[in-house]
Amino acid sequence: MISVEDYLARVVALAHPLPAEEVAVGGGSGQVLAEDLPARFAVPPFDNSAMDGFAVRAADLAEGVRLSVVGDVPAGAASAPTVGAGECVRIMTGAPMPEGADSVVPVEQTDQPMGDAPLPAEVEVREVVAEGRHVRRRGEDVAVGDVVLAAGTRWGPETTGAASSIGYATVPLRRRPRVAVLATGDELVAPGTELGFGQIPDSNSYLLAGLVQRFGGEVSLRRAVGDDPEEFRAALDEALAADVVVTTGGVSVGAFEVVRQVTEGDIDFVKVNMQPGKPQASGKLRAPDGRDVAFLGLPGNPVSAWVSAWMFLRPLLAAFAGVPSDLARNERDRIEGRLHPDSILLPVGQTWRKSSNRRQYIPVRLIDGGIAPSHALGSGSHLIASLHLADGLAVVPAELDGPGETVEVLLTR
Ligand code: AMP
Ligand code: MG
(Lines give C-alpha, C1' and ligand atoms only; values in the text may rest on other atoms or scores of the structure.)
(Ligands and ions follow the chains in the order given, each with its own letter.)
Protein backbone atom coordinates (compact mmCIF):
# COMPACT_ATOMS: atom_id res chain seq x y z
CA MET A 1 0.00 0.00 0.00
CA ILE A 2 1.39 3.45 -0.87
CA SER A 3 0.30 6.84 0.46
CA VAL A 4 -1.90 9.18 -1.57
CA GLU A 5 0.89 11.78 -1.53
CA ASP A 6 3.50 9.38 -2.91
CA TYR A 7 1.15 8.10 -5.57
CA LEU A 8 0.19 11.63 -6.57
CA ALA A 9 3.85 12.58 -6.96
CA ARG A 10 4.31 9.62 -9.33
CA VAL A 11 1.25 10.60 -11.36
CA VAL A 12 2.27 14.23 -11.70
CA ALA A 13 5.74 13.16 -12.84
CA LEU A 14 4.12 11.65 -15.97
CA ALA A 15 3.34 15.13 -17.31
CA HIS A 16 5.39 17.59 -19.34
CA PRO A 17 4.23 21.16 -19.98
CA LEU A 18 2.46 21.45 -23.33
CA PRO A 19 3.46 24.06 -25.92
CA ALA A 20 1.86 27.49 -25.91
CA GLU A 21 -0.33 28.88 -28.67
CA GLU A 22 -1.43 32.49 -29.26
CA VAL A 23 -5.14 32.68 -28.45
CA ALA A 24 -7.45 35.64 -29.07
CA VAL A 25 -7.93 37.40 -25.76
CA GLY A 26 -11.64 36.51 -25.49
CA GLY A 27 -11.05 32.77 -25.89
CA GLY A 28 -9.08 30.11 -24.09
CA SER A 29 -11.29 29.75 -21.02
CA GLY A 30 -9.71 27.15 -18.70
CA GLN A 31 -6.35 27.19 -20.49
CA VAL A 32 -3.23 28.30 -18.65
CA LEU A 33 -0.99 31.30 -19.31
CA ALA A 34 2.46 30.22 -20.51
CA GLU A 35 4.39 33.46 -19.76
CA ASP A 36 4.20 36.45 -17.45
CA LEU A 37 2.29 39.33 -19.08
CA PRO A 38 3.76 42.78 -18.37
CA ALA A 39 1.49 45.79 -18.87
CA ARG A 40 1.91 47.40 -22.29
CA PHE A 41 -0.24 50.33 -21.16
CA ALA A 42 -0.59 52.03 -17.83
CA VAL A 43 -3.94 51.54 -16.12
CA PRO A 44 -5.57 54.01 -16.29
CA PRO A 45 -3.72 55.06 -19.45
CA PHE A 46 -4.25 58.81 -18.80
CA ASP A 47 -5.46 61.08 -15.98
CA ASN A 48 -9.24 61.00 -16.12
CA SER A 49 -12.31 62.01 -14.21
CA ALA A 50 -13.90 59.65 -11.68
CA MET A 51 -17.16 61.64 -11.72
CA ASP A 52 -19.55 63.50 -13.99
CA GLY A 53 -18.98 67.16 -13.15
CA PHE A 54 -16.59 70.03 -13.84
CA ALA A 55 -12.81 69.92 -14.20
CA VAL A 56 -11.42 72.87 -12.24
CA ARG A 57 -8.28 74.42 -10.78
CA ALA A 58 -8.50 73.84 -7.03
CA ALA A 59 -6.86 77.21 -6.39
CA ASP A 60 -9.97 78.92 -7.86
CA LEU A 61 -12.41 77.20 -5.53
CA ALA A 62 -14.42 78.84 -2.79
CA GLU A 63 -17.99 78.20 -1.72
CA GLY A 64 -20.33 80.01 -4.15
CA VAL A 65 -17.60 80.85 -6.68
CA ARG A 66 -18.78 81.13 -10.31
CA LEU A 67 -16.52 79.70 -13.01
CA SER A 68 -16.95 80.14 -16.75
CA VAL A 69 -17.45 76.92 -18.63
CA VAL A 70 -15.12 76.83 -21.67
CA GLY A 71 -16.06 73.45 -23.11
CA ASP A 72 -17.28 69.90 -22.79
CA VAL A 73 -15.16 66.70 -22.51
CA PRO A 74 -17.17 63.52 -22.88
CA ALA A 75 -15.44 60.14 -22.53
CA GLY A 76 -13.68 59.40 -25.80
CA ALA A 77 -13.22 63.11 -26.66
CA ALA A 78 -10.45 63.62 -29.22
CA SER A 79 -9.19 66.77 -27.51
CA ALA A 80 -10.00 69.05 -24.58
CA PRO A 81 -9.75 72.83 -24.14
CA THR A 82 -7.17 74.18 -21.70
CA VAL A 83 -8.56 75.42 -18.38
CA GLY A 84 -7.27 78.87 -17.35
CA ALA A 85 -7.79 80.82 -14.10
CA GLY A 86 -11.50 81.25 -13.31
CA GLU A 87 -12.45 78.65 -15.92
CA CYS A 88 -13.64 75.08 -15.95
CA VAL A 89 -14.69 72.35 -18.40
CA ARG A 90 -17.71 70.10 -18.13
CA ILE A 91 -16.36 66.55 -17.88
CA MET A 92 -17.82 63.04 -17.83
CA THR A 93 -16.61 59.94 -16.01
CA GLY A 94 -13.62 58.41 -17.77
CA ALA A 95 -12.91 61.48 -19.90
CA PRO A 96 -9.32 62.79 -20.04
CA MET A 97 -8.49 65.65 -17.68
CA PRO A 98 -8.00 68.88 -19.63
CA GLU A 99 -4.70 70.74 -19.48
CA GLY A 100 -4.67 73.18 -16.56
CA ALA A 101 -7.34 71.45 -14.45
CA ASP A 102 -6.32 69.45 -11.39
CA SER A 103 -9.59 68.45 -9.69
CA VAL A 104 -13.20 67.57 -10.45
CA VAL A 105 -16.27 69.05 -8.77
CA PRO A 106 -19.12 66.54 -9.11
CA VAL A 107 -22.25 67.96 -10.74
CA GLU A 108 -24.15 67.28 -7.50
CA GLN A 109 -21.94 69.90 -5.77
CA THR A 110 -22.88 72.65 -8.26
CA ASP A 111 -25.99 74.62 -9.24
CA GLN A 112 -26.30 72.52 -12.44
CA PRO A 113 -28.90 69.80 -12.99
CA MET A 114 -27.77 66.20 -13.35
CA GLY A 115 -28.32 64.36 -16.62
CA ASP A 116 -28.72 65.53 -20.17
CA ALA A 117 -28.52 69.36 -19.85
CA PRO A 118 -27.21 71.93 -22.35
CA LEU A 119 -23.68 73.22 -21.71
CA PRO A 120 -24.05 76.22 -19.31
CA ALA A 121 -21.98 79.38 -19.75
CA GLU A 122 -21.23 79.48 -16.02
CA VAL A 123 -21.36 77.16 -13.08
CA GLU A 124 -21.64 77.91 -9.38
CA VAL A 125 -19.60 75.67 -7.07
CA ARG A 126 -21.63 74.99 -3.91
CA GLU A 127 -19.23 72.59 -2.21
CA VAL A 128 -15.48 72.89 -2.54
CA VAL A 129 -13.24 69.87 -3.26
CA ALA A 130 -9.59 69.37 -2.29
CA GLU A 131 -6.90 69.50 -4.98
CA GLY A 132 -6.69 66.23 -6.94
CA ARG A 133 -10.14 65.08 -5.84
CA HIS A 134 -12.09 62.77 -8.21
CA VAL A 135 -9.15 62.41 -10.59
CA ARG A 136 -7.90 58.93 -11.43
CA ARG A 137 -4.19 59.25 -12.06
CA ARG A 138 -2.43 57.67 -15.00
CA GLY A 139 -0.86 54.40 -13.84
CA GLU A 140 -2.34 54.48 -10.34
CA ASP A 141 -3.55 50.89 -10.78
CA VAL A 142 -0.78 49.51 -13.01
CA ALA A 143 2.43 51.04 -14.36
CA VAL A 144 3.83 50.10 -17.79
CA GLY A 145 5.93 46.94 -17.35
CA ASP A 146 4.23 45.71 -14.17
CA VAL A 147 3.55 41.97 -14.40
CA VAL A 148 -0.21 41.84 -14.11
CA LEU A 149 -0.78 38.19 -15.03
CA ALA A 150 1.73 35.54 -13.98
CA ALA A 151 2.63 32.40 -15.90
CA GLY A 152 0.53 29.52 -14.58
CA THR A 153 -2.64 31.63 -14.24
CA ARG A 154 -5.81 29.80 -15.29
CA TRP A 155 -7.66 31.73 -18.03
CA GLY A 156 -11.18 33.08 -17.47
CA PRO A 157 -13.34 36.19 -17.74
CA GLU A 158 -11.38 38.19 -15.14
CA THR A 159 -7.97 37.42 -16.66
CA THR A 160 -9.39 38.27 -20.08
CA GLY A 161 -10.52 41.64 -18.76
CA ALA A 162 -7.13 42.28 -17.19
CA ALA A 163 -5.18 41.29 -20.34
CA SER A 164 -7.37 43.50 -22.54
CA SER A 165 -6.85 46.46 -20.22
CA ILE A 166 -3.06 46.20 -20.43
CA GLY A 167 -2.94 46.00 -24.21
CA TYR A 168 -3.11 42.37 -25.34
CA ALA A 169 -5.19 41.20 -28.30
CA THR A 170 -3.81 37.67 -28.08
CA VAL A 171 -2.24 35.82 -25.19
CA PRO A 172 0.13 32.82 -25.02
CA LEU A 173 -1.86 29.96 -23.49
CA ARG A 174 -0.70 26.37 -23.24
CA ARG A 175 -2.73 24.13 -25.47
CA ARG A 176 -5.25 21.99 -23.62
CA PRO A 177 -4.16 18.46 -22.82
CA ARG A 178 -5.99 16.01 -25.11
CA VAL A 179 -7.50 13.22 -23.09
CA ALA A 180 -8.96 9.92 -24.30
CA VAL A 181 -11.51 8.35 -21.96
CA LEU A 182 -12.13 4.59 -22.11
CA ALA A 183 -14.63 2.92 -19.79
CA THR A 184 -14.24 -0.86 -19.60
CA GLY A 185 -16.71 -3.58 -18.68
CA ASP A 186 -18.74 -6.29 -20.45
CA GLU A 187 -21.72 -5.20 -18.33
CA LEU A 188 -21.84 -1.70 -19.81
CA VAL A 189 -24.51 -0.57 -22.25
CA ALA A 190 -25.16 2.90 -23.67
CA PRO A 191 -27.32 5.18 -21.51
CA GLY A 192 -31.02 4.80 -22.30
CA THR A 193 -30.71 1.22 -23.51
CA GLU A 194 -33.05 -1.35 -21.91
CA LEU A 195 -30.98 -3.44 -19.50
CA GLY A 196 -30.53 -7.14 -20.04
CA PHE A 197 -29.44 -9.57 -17.35
CA GLY A 198 -26.47 -8.15 -15.40
CA GLN A 199 -26.16 -5.05 -17.54
CA ILE A 200 -25.73 -1.46 -16.31
CA PRO A 201 -25.62 1.85 -18.13
CA ASP A 202 -22.13 3.23 -18.69
CA SER A 203 -21.98 6.38 -16.59
CA ASN A 204 -18.23 6.64 -16.05
CA SER A 205 -17.23 7.60 -19.56
CA TYR A 206 -19.64 10.57 -19.47
CA LEU A 207 -18.69 11.50 -15.92
CA LEU A 208 -14.99 11.41 -16.76
CA ALA A 209 -15.35 13.26 -20.06
CA GLY A 210 -17.15 16.07 -18.24
CA LEU A 211 -14.49 16.22 -15.54
CA VAL A 212 -11.75 16.35 -18.18
CA GLN A 213 -13.38 19.47 -19.59
CA ARG A 214 -13.85 20.94 -16.15
CA PHE A 215 -10.15 20.36 -15.45
CA GLY A 216 -9.19 22.27 -18.61
CA GLY A 217 -8.63 19.29 -20.91
CA GLU A 218 -10.06 18.43 -24.32
CA VAL A 219 -11.77 15.07 -24.78
CA SER A 220 -10.25 13.47 -27.87
CA LEU A 221 -12.19 10.21 -27.53
CA ARG A 222 -14.88 8.83 -25.22
CA ARG A 223 -15.89 5.21 -25.49
CA ALA A 224 -17.08 2.23 -23.49
CA VAL A 225 -15.45 -1.07 -24.41
CA GLY A 226 -15.95 -4.63 -23.25
CA ASP A 227 -13.58 -6.80 -21.26
CA ASP A 228 -12.17 -8.55 -24.32
CA PRO A 229 -8.40 -7.85 -24.52
CA GLU A 230 -8.46 -7.57 -28.33
CA GLU A 231 -11.25 -5.01 -28.23
CA PHE A 232 -9.54 -3.02 -25.47
CA ARG A 233 -6.17 -3.14 -27.27
CA ALA A 234 -7.74 -1.78 -30.46
CA ALA A 235 -9.45 1.07 -28.58
CA LEU A 236 -6.23 1.83 -26.72
CA ASP A 237 -4.29 2.13 -29.99
CA GLU A 238 -6.74 4.79 -31.09
CA ALA A 239 -6.70 6.47 -27.68
CA LEU A 240 -2.91 6.82 -27.82
CA ALA A 241 -3.27 9.76 -30.21
CA ALA A 242 -4.00 11.80 -27.04
CA ASP A 243 -1.63 13.25 -24.42
CA VAL A 244 -3.38 11.30 -21.65
CA VAL A 245 -5.38 8.08 -21.68
CA VAL A 246 -7.68 7.56 -18.72
CA THR A 247 -9.56 4.31 -18.24
CA THR A 248 -12.10 3.14 -15.69
CA GLY A 249 -12.52 -0.38 -14.41
CA GLY A 250 -10.42 -3.45 -14.93
CA VAL A 251 -7.60 -2.55 -12.53
CA SER A 252 -8.40 -4.58 -9.43
CA VAL A 253 -7.84 -8.23 -8.64
CA GLY A 254 -10.85 -9.92 -10.25
CA ALA A 255 -10.63 -12.60 -12.89
CA PHE A 256 -11.35 -10.40 -15.95
CA GLU A 257 -9.38 -7.20 -15.38
CA VAL A 258 -8.84 -6.17 -18.97
CA VAL A 259 -6.76 -3.06 -18.31
CA ARG A 260 -4.40 -5.11 -16.19
CA GLN A 261 -4.24 -7.94 -18.73
CA VAL A 262 -3.37 -5.66 -21.64
CA THR A 263 -1.02 -3.14 -20.02
CA GLU A 264 0.68 -5.03 -17.18
CA GLY A 265 4.44 -4.79 -17.60
CA ASP A 266 4.25 -1.28 -19.05
CA ILE A 267 2.02 0.19 -16.35
CA ASP A 268 2.30 0.06 -12.56
CA PHE A 269 -0.63 -1.36 -10.65
CA VAL A 270 -0.69 -0.19 -7.04
CA LYS A 271 -2.82 -0.15 -3.94
CA VAL A 272 -3.22 3.37 -2.59
CA ASN A 273 -4.06 4.04 1.05
CA MET A 274 -7.46 5.59 0.39
CA GLN A 275 -11.09 4.63 0.45
CA PRO A 276 -12.59 4.56 -2.10
CA GLY A 277 -9.99 4.38 -4.83
CA LYS A 278 -7.56 1.78 -3.57
CA PRO A 279 -6.68 0.06 -6.87
CA GLN A 280 -4.94 2.49 -9.24
CA ALA A 281 -2.77 2.15 -12.31
CA SER A 282 -0.43 4.66 -13.93
CA GLY A 283 2.57 4.96 -16.19
CA LYS A 284 3.55 5.79 -19.74
CA LEU A 285 2.61 3.99 -22.94
CA ARG A 286 4.41 4.39 -26.25
CA ALA A 287 2.16 5.75 -29.01
CA PRO A 288 2.54 4.42 -32.59
CA ASP A 289 4.14 7.79 -33.50
CA GLY A 290 6.81 7.31 -30.81
CA ARG A 291 5.44 9.75 -28.22
CA ASP A 292 5.10 8.79 -24.58
CA VAL A 293 1.48 9.02 -23.49
CA ALA A 294 0.52 9.34 -19.82
CA PHE A 295 -1.81 6.57 -18.70
CA LEU A 296 -4.12 6.65 -15.71
CA GLY A 297 -6.23 3.60 -14.87
CA LEU A 298 -8.99 4.46 -12.40
CA PRO A 299 -11.17 1.96 -10.58
CA GLY A 300 -14.59 1.20 -12.07
CA ASN A 301 -16.96 2.14 -9.28
CA PRO A 302 -18.30 5.54 -10.31
CA VAL A 303 -17.67 7.24 -6.98
CA SER A 304 -14.16 5.76 -6.88
CA ALA A 305 -13.62 7.04 -10.40
CA TRP A 306 -14.87 10.51 -9.40
CA VAL A 307 -12.69 10.68 -6.30
CA SER A 308 -9.68 9.39 -8.26
CA ALA A 309 -10.26 11.92 -11.02
CA TRP A 310 -10.27 14.81 -8.53
CA MET A 311 -7.25 13.48 -6.68
CA PHE A 312 -5.06 12.35 -9.59
CA LEU A 313 -6.39 13.32 -13.00
CA ARG A 314 -6.90 16.97 -12.08
CA PRO A 315 -3.31 17.49 -10.87
CA LEU A 316 -2.01 15.51 -13.85
CA LEU A 317 -3.83 17.80 -16.29
CA ALA A 318 -2.70 20.84 -14.28
CA ALA A 319 0.90 19.67 -14.65
CA PHE A 320 0.45 19.34 -18.44
CA ALA A 321 -0.90 22.89 -18.40
CA GLY A 322 2.18 24.11 -16.56
CA VAL A 323 0.45 24.80 -13.25
CA PRO A 324 2.73 23.78 -10.43
CA SER A 325 1.06 20.89 -8.70
CA ASP A 326 -0.06 22.31 -5.43
CA LEU A 327 -1.84 19.07 -4.65
CA ALA A 328 1.40 17.14 -4.49
CA ARG A 329 2.03 17.84 -0.86
CA ASN A 330 3.92 15.62 1.45
CA GLU A 331 2.90 14.30 4.80
CA ARG A 332 4.70 17.14 6.59
CA ASP A 333 2.59 19.75 4.81
CA ARG A 334 -0.46 17.88 5.96
CA ILE A 335 0.71 17.74 9.57
CA GLU A 336 1.62 21.43 9.53
CA GLY A 337 -1.84 22.15 8.20
CA ARG A 338 -0.92 23.57 4.80
CA LEU A 339 -3.99 23.36 2.67
CA HIS A 340 -4.54 23.04 -1.01
CA PRO A 341 -5.64 26.49 -2.23
CA ASP A 342 -9.03 25.17 -3.28
CA SER A 343 -9.58 23.47 0.07
CA ILE A 344 -11.24 24.77 3.18
CA LEU A 345 -11.39 23.40 6.69
CA LEU A 346 -14.87 22.52 7.90
CA PRO A 347 -16.29 20.69 10.87
CA VAL A 348 -17.92 17.31 10.38
CA GLY A 349 -21.59 18.01 11.11
CA GLN A 350 -22.87 14.50 11.00
CA THR A 351 -20.81 11.43 11.51
CA TRP A 352 -20.88 8.37 9.32
CA ARG A 353 -20.06 4.76 9.46
CA LYS A 354 -16.34 4.32 8.84
CA SER A 355 -15.85 1.20 6.85
CA SER A 356 -12.08 1.00 6.77
CA ASN A 357 -8.91 2.14 8.48
CA ARG A 358 -7.77 3.89 5.31
CA ARG A 359 -8.06 7.63 4.81
CA GLN A 360 -11.52 8.30 3.37
CA TYR A 361 -12.48 10.60 0.52
CA ILE A 362 -16.16 11.34 0.84
CA PRO A 363 -18.44 13.41 -1.38
CA VAL A 364 -20.05 15.92 0.99
CA ARG A 365 -22.58 18.68 1.09
CA LEU A 366 -22.02 21.96 2.90
CA ILE A 367 -24.69 22.18 5.58
CA ASP A 368 -24.97 24.72 8.42
CA GLY A 369 -21.32 25.68 8.31
CA GLY A 370 -20.23 22.06 8.35
CA ILE A 371 -20.32 19.03 6.11
CA ALA A 372 -22.43 15.93 5.78
CA PRO A 373 -22.03 13.03 3.35
CA SER A 374 -24.01 13.70 0.18
CA HIS A 375 -25.44 10.21 0.40
CA ALA A 376 -26.99 8.64 3.48
CA LEU A 377 -24.79 5.60 3.02
CA GLY A 378 -21.66 7.75 3.35
CA SER A 379 -18.82 6.54 1.25
CA GLY A 380 -20.39 3.74 -0.77
CA SER A 381 -18.40 3.82 -3.99
CA HIS A 382 -21.31 2.77 -6.20
CA LEU A 383 -23.59 5.69 -5.27
CA ILE A 384 -23.41 7.50 -8.58
CA ALA A 385 -26.93 8.93 -8.51
CA SER A 386 -26.23 11.18 -5.50
CA LEU A 387 -22.82 12.41 -6.60
CA HIS A 388 -24.35 15.48 -8.21
CA LEU A 389 -25.40 16.68 -4.75
CA ALA A 390 -21.80 16.99 -3.57
CA ASP A 391 -20.27 20.41 -2.98
CA GLY A 392 -16.90 18.97 -2.15
CA LEU A 393 -14.65 16.05 -1.42
CA ALA A 394 -13.83 15.64 2.26
CA VAL A 395 -10.50 14.15 3.25
CA VAL A 396 -11.25 12.21 6.40
CA PRO A 397 -8.28 10.90 8.36
CA ALA A 398 -8.35 7.24 9.30
CA GLU A 399 -8.53 8.26 12.96
CA LEU A 400 -11.58 10.59 12.73
CA ASP A 401 -13.10 10.95 16.19
CA GLY A 402 -16.59 12.06 15.28
CA PRO A 403 -18.83 15.08 14.83
CA GLY A 404 -17.20 18.46 15.44
CA GLU A 405 -13.76 17.44 14.19
CA THR A 406 -12.43 19.67 11.43
CA VAL A 407 -11.50 18.10 8.11
CA GLU A 408 -10.13 19.34 4.79
CA VAL A 409 -12.69 19.74 2.02
CA LEU A 410 -11.74 20.18 -1.62
CA LEU A 411 -14.50 22.22 -3.24
CA THR A 412 -15.68 20.48 -6.40
CA ARG A 413 -18.56 22.58 -7.69
P1 AMP B 1 -14.39 -2.91 -11.98
O2 AMP B 1 -13.39 -1.95 -11.40
O3 AMP B 1 -14.24 -3.07 -13.45
O4 AMP B 1 -14.34 -4.18 -11.23
O5 AMP B 1 -15.82 -2.26 -11.72
C6 AMP B 1 -16.25 -2.03 -10.42
C7 AMP B 1 -17.71 -1.71 -10.37
O8 AMP B 1 -17.97 -0.52 -11.08
C9 AMP B 1 -18.62 -2.75 -10.97
O10 AMP B 1 -19.80 -2.83 -10.19
C11 AMP B 1 -18.93 -2.19 -12.32
O12 AMP B 1 -20.13 -2.66 -12.85
C13 AMP B 1 -18.97 -0.71 -12.07
N14 AMP B 1 -18.60 0.02 -13.26
C15 AMP B 1 -17.48 -0.20 -13.97
N16 AMP B 1 -17.43 0.61 -15.04
C17 AMP B 1 -18.55 1.36 -15.01
C18 AMP B 1 -19.07 2.40 -15.85
N19 AMP B 1 -18.43 2.79 -16.96
N20 AMP B 1 -20.23 2.97 -15.52
C21 AMP B 1 -20.88 2.57 -14.41
N22 AMP B 1 -20.45 1.61 -13.58
C23 AMP B 1 -19.29 1.01 -13.87
MG1 MG C 1 -14.92 -4.36 -14.83
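Atoms within each ligand, like the ligands themselves, are counted from 1 in listed order.
- Contact analysis leaves I384 out of contact with ligand 1, as no non-hydrogen atom separation drops below 4.0 angstrom.
- Nearest protein heavy-atom neighbour of atom 4 (O) of ligand 1: S252 OG, 4.2 Å.
- Nearest to atom 17 (C) of ligand 1 among the protein's heavy atoms is N204 ND2, 3.2 Å.
- Of the protein's heavy atoms, S203 OG, 3.3 Å lies nearest to atom 21 (C) of ligand 1.
- Residue-level proximity to ligand 1 for P302 is carried by the side chain, the only part with a heavy atom below 4.0 angstrom.
- Protein heavy atom in closest approach to atom 5 (O) of ligand 1: G300 CA, 3.7 Å.
- The closest approach between a heavy atom of G250 and any atom of ligand 1 is below 4.0 Å.
- For ligand 1, the polar-atom distance check finds an N/O of N301 within less than 3.5 Å of one of the ligand's N/O atoms.
- Residues T82 and E99 bring no donor and acceptor atom of their side chains to less than 3.5 Å of each other.
- Residue contacts with ligand 1, taken as heavy atom pairs separated by less than 4.0 Å, involve I200 solely via side-chain atoms from C-beta onward.
- Checked by atom type, the side-chain pair E187/Q199 shows no donor-acceptor distance below 3.5 Å.
- The protein heavy-atom contact nearest to atom 19 (N) of ligand 1 is D202 OD1, 2.8 Å.
- Ligand 1 lies nowhere less than 4.0 angstrom from a heavy atom belonging to P279.
- Not a single heavy atom of G185 sits less than 4.0 Å from an atom of ligand 1.
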